[in-house]
Amino acid sequence: MSVLVLVEHTNGAFRKKSLEAVQYAANIAKQMGTTATAVATGNIDNATLATLGQYGAQKVLHTTDSRLENFNSRAYTKVMLAAAQKENAKVIIGLHDTVGKAVSPRIAARLNAGLVSGAVSYPDLSKGFVVKKNVFSGKAFAYVNITSDVKVITLMPNTFPVVKGDGSATVENLDVAFEDRDFSIKVKEVTKTSGTIVLSEAELVVSGGRGMKGPENWHVLEDLAKELGAATACSRPVADSHWRPHNEHVGQTGGTIRPNLYIAVGISGAIQHLAGVNGSKTIVVINKDAEAPFFKAADYGVLGDAMEIVPQLTAAVKRFKANH
Ligand SMILES: Cc1cc2nc3c(=O)[nH]c(=O)nc-3n(C[C@H](O)[C@H](O)[C@H](O)COP(=O)(O)OP(=O)(O)OC[C@H]3O[C@@H](n4cnc5c(N)ncnc54)[C@H](O)[C@@H]3O)c2cc1C
């Protein structure tokens, strides 16, 4: 019996959120008196796979097939089911991201397992298998007891700090008998996002809404983001109007982020927007309307015109950096 965790990598390197998932699985395994096994697919070398031992995995199962280079929910599910059978897994962890949200319910359905999606805590084993999750767009928590034999969880990224330890995982090949129909969905094109800071993993985020008036004003936010070393994000209407790319859209229908600092500029703070950002540790709101709902969710609020305030903030950050 083991705790299984699906890991994702980009061009052979693990993303922080996958290391967090491995650490999460390892911690659950420890509580249950068992071990954690990671499952990886595609082109990644054994030395890199073995580094998952530093985050608590004892073993890594690796499936290579050139058709797995792009994400495919059906094929990935098959890999996880094969791994679950091999390891007699009772707990299966994925991330609450595009891959995990697509694969985990399929695994749960196939294994007749209870599923908690978007967990923000370790399971409390003293009360059964109780996991805390966000509900109502992050307005409340639910505590869910999974009573099925096999349990599936998707972990909300950026819930726990990632701590690197010692150790090396053993790496084994996992052969999966794929059929052509597992690849009936084909990826025709992959468009890579630009920018060096990945939004989903950024510690600092500068975000703009319709109050920025148009894409021609975004340089004001980009200047601040550059000085801070922050990623940029936006509200949905901004992405819908093609002022910014869709991968920057955060909220109920966009990405969920939990940075240390979220600076919201010219964003009203609709509940659908807050759903994607209210896990941020500190929220700063800049808005010219004192009645903007976002002020209620803010740790710090600045009342005024974004086009005046943001350049002053950027200049202040520059001065601070020059003097420290
Ligand atoms: C099913 C559903 C899902 C949705 N999903 C999402 C989602 O995932 N993400 C999301 O963001 N929205 C989502 N929405 C839309 C959401 O309800 C809001 O309409 C949207 O968030 C508003 O975007 P905004 O705050 O940028 O624009 P607005 O609501 O137009 O607000 C603009 C703000 O800018 C301020 N402002 C104007 N000029 C200035 C200035 N010069 N300086 C400073 N402040 C200024 C205004 O006071 C105002 O508060 C969803 C809606 C639905 C129905």
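In this chain, numbering begins with 1 at the start of the sequence shown. Fair warning: this is a prediction, and the values are worked out from it, not measured in the lab. Just so you know, ligand 1 is whichever comes first in the structure, and atom 1 is the first atom listed for that ligand.
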- Query: Stepwise, does the salt bridge (charged side-chain N to carboxylate O under 4.0 Å, His left out) test hold for E222 with R244?
  - Reply: CA-CA 12 Å; E222 284 169 335; R244 297 297 292 176; 3.0 Å; yes
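Counting protein heavy atoms only, atom 33 (C) of ligand 1 is closest to G266 O, 3.3 Å. At the top of the distance list for atom 26 (O) of ligand 1, counting protein heavy atoms only, stands S235 OG, 2.6 Å. With respect to atom 25 (O) of ligand 1, the closest heavy atom belonging to the protein is S268 N, 2.7 Å. Of the protein's non-hydrogen atoms, the one nearest atom 44 (N) of ligand 1 is K288 N, 3.2 Å. The protein non-hydrogen atom at the shortest distance from atom 46 (C) of ligand 1 is N287 OD1, 3.6 Å. Here the heavy atom of the protein found nearest to atom 23 (O) of ligand 1 is P237 CG, 3.3 Å. Among protein heavy atoms, atom 12 (N) of ligand 1 sits closest to R236 CB, 3.4 Å. Among protein heavy atoms, the minimum distance from atom 37 (C) of ligand 1 is reached at G211 CA, 3.4 Å.
A side-chain donor-acceptor contact under 3.5 Å links S184 and R74.
Contacts of A270 with ligand 1, taken as heavy-atom pairs under 4.0 Å, involve the side chain alone. Under 4.0 angstrom from ligand 1, the non-hydrogen atoms of K213 all belong to its side chain.
Of the listed residues (K16, R15, K17), just one forms a side-chain hydrogen bond (donor to acceptor under 3.5 Å, both in side chains) with E201, and that residue is R15.
One finds a salt bridge joining K321 and E227 here, because a Lys/Arg side-chain nitrogen approaches an Asp/Glu carboxylate oxygen to under 4.0 Å. One finds no salt bridge joining K226 and D223 here, because no Lys/Arg side-chain nitrogen approaches an Asp/Glu carboxylate oxygen to under 4.0 Å. Comment: E248 does not engage R236 in a salt bridge, judged by the lack of any side-chain N to carboxylate O separation of less than 4.0 angstrom. With respect to D182 and K78, a salt bridge is recorded, a charged nitrogen being found less than 4.0 Å from a carboxylate O.
Interface of D289 with ligand 1, defined as ligand atoms under 4.0 Å from a residue heavy atom, comprises 47 (O). If you number the atoms of ligand 1 from 1 as listed, the ones under 4.0 Å from a heavy atom of H273 come out as 9 (N), 10 (C), 11 (O), 21 (O). Heavy-atom contacts of G209 reach the following atoms of ligand 1: 26 (O) (cutoff under 4.0 Å).
Distances from ligand 1 to the non-hydrogen atoms of Q252 include at least one value under 4.0 Å. Using a 4.0 Å heavy-atom cutoff, V250 is listed among the residues neighbouring ligand 1. Taking 4.0 Å as the cut-off, V238 does not count as a neighbour of ligand 1 on heavy-atom distance. Heavy atoms of G254 approach ligand 1 to within less than 4.0 angstrom. At least one heavy atom of H249 sits under 4.0 Å from some atom of ligand 1. Within the structure, ligand 1 has G304 among the residues with a heavy atom less than 4.0 angstrom away.
I263 places none of its side-chain heavy atoms less than 4.5 Å from the side chain of L221.
By the 30° and 60° cut-offs, the orientation of the rings of F320 relative to H324 is parallel. Using the six-membered ring where Trp is involved, W218 and W243 have ring planes that are perpendicular, over 60° apart on the 30 and 60° scheme.
Taking the centre of each ring, F160 and Y122 come in below the 6.0 Å mark.
Judged by the 6.0 Å and 45° rule, K151 forms a cation-pi pair with F129.
Protein heavy atoms all stay at least 4.0 Å away from atom 15 (C) of ligand 1.
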